[in-house]
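Remarks on the structure that follows.
Note that these values count all heavy atoms, side chains included, but never hydrogens, waters or copies made by symmetry.
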Amino acid sequence: MLSLRLDDLDRKIIARLLENGRESFASLGHQIGLSTAATKRRVDRLRGEGVIRRFTAEIDPVALGWTIEAFVELYCEGRVPPDRMRELARTIPEVSAAYTVTGEADGLLLVRASDASHFEKVLGVIRNHPGVSRTRSAVVLSHL
């Protein structure tokens, strides 16, 4: 894999797009001192090189009524490949992020739910998934 060379303007573009992925090329260029066309070329290059993978919307789960946030550690039977854990995460809409991890657990899920009853149901779905032997959860109280 080639090492990409990013200059200060590339870094400024990336930082601004992290704050607002919908910012226009004109506004972005104005903020960093480039023309609209030059800014578009740089963003296109960053996309083409895989630095920028996609533009997405960040949704506030609370606005959707999903007020419970919890980390769920997955403990699997034997050797469960990451593809199987990925498939588990993709089939449960309440899983907003999933990771393979080091340590005792095999995976870590970030789960959102509307209330304790909803969270309990989601845990049941996770626990009944083939290959999952047990879970351990930590409900988030606040963000620091």
Side-chain angles (χ1 to χ4, degrees), residues 1-76 79-116 118-127 129-144:
M1 181 173 174
L2 296 173
S3 176
L4 299 175
R5 290 189 177 247
L6 302 177
D7 64 18
D8 287 340
L9 290 174
D10 292 332
R11 287 183 183 84
K12 287 179 183 178
I13 288 171
I14 292 165
R16 296 219 31 109
L17 289 175
L18 284 170
E19 288 298 314
N20 178 9
R22 292 182 53 117
E23 187 167 5
S24 71
F25 295 129
S27 173
L28 185 57
H30 177 74
Q31 296 294 321
I32 63 171
L34 287 178
S35 70
T36 300
T39 302
K40 181 182 182 322
R41 282 192 301 273
R42 281 183 178 254
V43 171
D44 288 345
R45 179 181 53 80
L46 291 168
R47 289 185 73 200
E49 292 174 345
V51 174
I52 298 173
R53 292 188 298 196
R54 64 188 176 116
F55 295 94
T56 186
E58 182 178 335
I59 307 299
D60 180 3
V62 174
L64 298 175
W66 291 29
T67 57
I68 300 287
E69 181 178 35
F71 290 96
V72 178
E73 292 179 338
L74 284 180
Y75 295 86
C76 300
R79 299 175 63 89
V80 173
D83 286 345
R84 243 169 91 198
M85 285 190 273
R86 186 177 298 114
E87 188 57 35
L88 162 68
R90 285 185 180 152
T91 61
I92 303 172
E94 292 86 353
V95 175
S96 61
Y99 312 91
T100 55
V101 295
T102 61
E104 290 182 36
D106 298 296
L108 183 65
L109 306 176
L110 177 56
V111 174
R112 302 272 190 176
S114 59
D115 55 30
H118 182 197
F119 180 61
E120 185 176 26
K121 288 176 186 169
V122 173
L123 273 180
V125 171
I126 293 168
R127 289 176 178 152
H129 194 272
V132 174
S133 60
R134 69 182 180 98
T135 63
R136 189 170 81 177
S137 304
V139 174
V140 174
L141 298 176
S142 67
H143 289 244
L144 303 176

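- Between M85 atom CE and H129 atom NE2 the span is 11.0 Å, to the nearest 0.5 Å.
- Here the closest heavy-atom approach between residue C76 and residue D106 is recorded as N-OD2, 2.7 Å.
- Between the CD1 atom of I92 and the CD1 atom of I126 there is a distance of 4.5 Å, given to the nearest 0.5 Å.
- Side-chain contact between Q31 and T39 is absent, with no heavy-atom pair separated by less than 4.5 Å.
- Between F71 and L109, every side-chain heavy-atom pair lies at or beyond the 4.5 Å cut-off.
- To the nearest 0.5 Å, the span separating CG on L28 from CZ on R16 amounts to 6.5 Å.
- At most 12 heavy atoms of other shown residues, nucleotides or ligands fall within 6.0 angstrom of atom CG in D8.
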Counting only pairs under 3.5 Å, give me each side-chain donor-acceptor contact of residues 46-55, with atom names and distances, residues two or more places apart or in other chains.
unit_1, atom_1, unit_2, atom_2, d
E49, OE1, R45, NH1, 3.3

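- In this structure, the side-chain contact (heavy atoms from CB on, under 4.5 Å) partners of H118, at least two apart in sequence or on a different chain, are W66, E94, A113, S114, D115, V122.
- Once rounded to the nearest 0.5 Å, the distance linking CG of L6 with NZ of K12 reads 14.0 Å.
- For the atom pair CZ of R41 and CG of L34, the computed distance is 9.0 Å after rounding to the nearest 0.5 Å.
- No donor-acceptor pair closer than 3.5 Å links the side chain of R136 to the backbone N or O of A105.
- Counting heavy atoms from C-beta on, the side chains of L88 and L74 come closer than 4.5 Å.
- Under the salt bridge (charged side-chain N to carboxylate O under 4.0 Å, His left out) criterion, R11 pairs with no residue, sequence neighbours left out.
- The OG1 atom of T36 lies 9.5 Å from the CZ atom of F25; values are rounded to the nearest 0.5 Å.
- In terms of heavy atoms, A116 sits closest to I68 at N-CG1, 4.1 Å.
- Residues P130 and R84 form a side-chain contact, since some pair of their non-hydrogen atoms from C-beta on lies under 4.5 Å apart.
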